Number of protein chains: 2
Amino acid sequence: MGSVTLKDLSKQLNLSPSTVSRALNDHPAISLTTKERVQKLAAELKYQPNQLARGLHKKRTQIIGVIVPEIRHDFFSAVISGIEEIMYKAGFTIMVCQSMEDSQREIETLEAMLAHQISGLLISVSENTKNSLPFISVLERGYPIVFFDRVIENINASCVVVDDFDGAFQAVEHLIQSGYRDIAYIGGPKNLNIQRKRLHGYRTALKKNSISINRDWIVSTGLNEKDGIWGAQELFKVEKRPRAIFCINDPVATGVYSVVQEKGLSIPDDVAVIGFTDDPIVRLLNPPLSTISQPKVEMGKSAARLLLEQINHTETEFVPRVVTLKTKLIVRKST
Amino acid sequence: MGSVTLKDLSKQLNLSPSTVSRALNDHPAISLTTKERVQKLAAELKYQPNQLARGLHKKRTQIIGVIVPEIRHDFFSAVISGIEEIMYKAGFTIMVCQSMEDSQREIETLEAMLAHQISGLLISVSENTKNSLPFISVLERGYPIVFFDRVIENINASCVVVDDFDGAFQAVEHLIQSGYRDIAYIGGPKNLNIQRKRLHGYRTALKKNSISINRDWIVSTGLNEKDGIWGAQELFKVEKRPRAIFCINDPVATGVYSVVQEKGLSIPDDVAVIGFTDDPIVRLLNPPLSTISQPKVEMGKSAARLLLEQINHTETEFVPRVVTLKTKLIVRKST
DNA sequence: CTGTTAGCGCATTCAT
DNA sequence: ATGAATGCGCTAACAG
C-alpha cells in the first residue's frame, strides 16, 4: 500500500522528483550535499524504488527466470541454490518454474516470464524439448539465455555443461579396468545432448579397448527410476545378459537396482552398475553406487555468472561461450 | 524488445486502446463481435500484456514470493514444487529466495520482493528469526502472508503446519511401546514453533506413561546433521546414557547415526533412534530410520491455496486460518 | 457499446 | 546543479 515514493521524498526535501531520482542513482551532476540529504531521508523512510515503474521505463527488471524440469530433484535444487546465491549477491531475484518435462508447459511458462520483463533466462530443457525455434525467437527479441546441463545446441547462446563425453568415458573405462567386457548402456531421450554425449563416451571407451558394440545392449528410455526399471527389464530379455550396466544417471541406476534385486541377483557379483550425477542417496544404496559426480552448485553459480556478464556487457558484441565443468569418478561397491 | 502492445492492436483494429483492453479482459460492456475481432488479432500477433504496466496500475502483480531457509533440502524443494504446481495453474509465477537461515537476509530478500509488488508471500522462517515486527509491518502494508512449517505465531496470518505435537507424541509413544523408557530428545532453536511443539509432544508422552523427565536428556541445538552430531555427543557425556533418542528431524537423526556408529554402538540394540520428516534418504540408512512422515508437497499446495483464497477474497473480512496436516508414524529398523 | 483522459512511479531529455 | 515535461503500457473513471 502506502509505500514511500520519489514524490514523497521530493516534497519533504523541497526538490523535484527528478533531482531525487538522480541523487539516488548517484548521477554525476548532483551536488554532494543534496545527494547526502536525499540518501539520508531515503534511508530513514526506508524508501524502496518501485521495481515495476523502474522496469516499465527501462524495459527490463532485476528478475532472472529459471526453468527446470522438476524442482524436486536434488540435482536441480542444488543448481537453483547456486543460481540464487550468485543472483542474490548481484541484486537480482529469481523467478522459478518447472516444466514438469513438458515442452508445451516450458514455453508457456517462458512466455509468462517474458511478460514480466525478466532480464535473462537460465534453463535446463525438458526431456521432450525438440524444437529450438521458440528459444531462437526469445534470443532474437533480445533476451539473453544461458542453458545448463540439458542444453540446446547450435544456437547463439552460452551454456554450462559438464564434460559428459569424458564422464561417460571414465565410467566405462573404469568398468573395463575392473574386468568387465559385457557392458550395457541405459540411456535417455535422443534429443538430449547429455544422452548423445554419454552414449558417445560409452562407445568410444568400448572401441578404444577393442570391445565390439552389441546393439541389444544399448537401450534408450527416460531419465527417472521407472525408466531404469524398464531398461533393466529390456536388457534381461536379451539372450546374452550383460555383466555391467552404465546408466545415464543415478535415478535410472536406482531403478536397475530394484530389478536386479528382485531377480535375486547380486550387485556387483552378477551385474555391476554405475551411474551419473552422484545424488546424495546413492552412496547409501546397498551396495553403494559407483557414479560420476557433477559439480551441481558450481554449475548454477557458473551459469548465473555467465548470464550476469551478458546482461552487463550489452555494448560489446556477444560471443557465446561454452563452460565445461569437470566430472569425477567415484568408485564405491557396485562395480 | 519490440513486443506488441495494446496500442499496436488498437491501431490495426481502428479501436481505442481502452476498448481493446476491455475486450481482452472480457469486460461485460463490449460487444461480442469486437471481442472476437480483438481476441483473434491478439492471438495472431501473440500479444502478451506487459505485466509491469499492468502491475504498476493495479499495484499488484501475478507474482508470489516464496522464502525458505534453503532450497536444497528435500523438504523445502518438495514444498516449493507443490506451491509452483498450484500457482502455475492459477496463472501466477513464483519468486523464490533462500534466507540461508539468516534472519537479516530474510528481511532484505522480503523487501526486494515487495519492491516487485508481489501479490503475497509464502514463507518458512529461518532458524534464528525471532522478531515478528517486520512481518507485522508487511501485513499492515496490505500484503497477505501464509506461513508454513516454521511459522510465526500470534500474528494475524494464516499458516499450514503438521500436527507437530501429535507427531512427536506418536514417535515417543512408539518408543515406549517398544519397551524403551530412557528416552532423550535432541531439539532445535527454542524460538521455532516446531521445536516447542515437538518438545511438548515428547514431554506429554513421557508423562502419560509415568516416566519422569530427565533434564540431561533434553538438548537444544540446530536443525542440521552437524547439530545432530553435537547433540549426540552431549548426550553421551551424561552419566546415564539414554537408550533411545527422538530427534527433531531427519538430518539431526543422521548426525546421531554417525556418532553412534563411530562409538562402535549398534542401532537399535544399544540406542534406538527416531526422526521426523521422512527425507528420501533415511529409508536407505543402515539401519533404515523410523520417522514421522510429513506431507511435503501437500503442505506446499495447501499453503498456496490458502494464499490464493486470501488474494481473491479481499472484500470479505479476513479471518486467519490454521491448516493442520496429519503426520504418519513410519516404523523401520532403528527402533 | 466505445472513446477520451488521466495516472500508476520512475528515469530521462530538454530546458534553465 | 536543478526543474519541468514526457513516456514506458496498461487500466479505469468519466463521458458520450
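Only this structure's heavy atoms are used, side chains among them; waters, hydrogens and symmetry mates stay out. Keep in mind that what you see is a predicted model, and the values were worked out from it rather than measured. Convention: sequence-line order gives letters A, B, ...; per-chain numbering from 1.
- Counting atom types as modelled, A:H57 pairs a side-chain N or O with a base atom of D:dG7 as donor and acceptor under 3.5 Å.
- Which of D:dG9, C:dT2, D:dT11 sits closest to the side chain of B:A53 comes down to D:dG9.
- Shown here are the side-chain hydrogen bond (donor to acceptor under 3.5 Å, both in side chains) partners of A:R22, two or more places apart in sequence or in another chain: there are none.
- For D:dC8, neither phosphate oxygen OP1 nor OP2 lies less than 4.0 angstrom from any side-chain nitrogen or oxygen of B:T5.
- Residue B:Y47 has a polar side-chain atom (N or O) positioned under 4.0 Å from OP1 or OP2 of D:dC10.
- The C1' atoms of five pairs define one axis at each end of the helix from C:dC1-D:dG16 to C:dT16-D:dA1, and these two axes lie 40° apart (to 10°).
- Looking at A:E309 and A:R305, no side-chain N of the basic residue comes within less than 4.0 Å of a carboxylate O on the acidic one, giving no salt bridge.
- Salt-bridge check for B:K40 with B:E44: passed, with a basic side-chain N closer than 4.0 Å to an acidic carboxylate O.
- Sorted by residue number, the members of residues 16-24 of chain A with any non-hydrogen atom under 4.0 Å from DNA chain D read A:S16, A:S18, A:T19, A:R22.
- Atom CG in B:D8 sits roughly 8 Å away from atom P in D:dG9 (whole-Å rounding).
- B:D149 and B:K296 are not joined by a salt bridge, as no carboxylate oxygen comes within less than 4.0 angstrom of a charged side-chain nitrogen.
- Judged by a 6.0 Å distance limit and a 45° cone about the ring axis, A:R72 is not positioned over the six-membered ring of B:F76.
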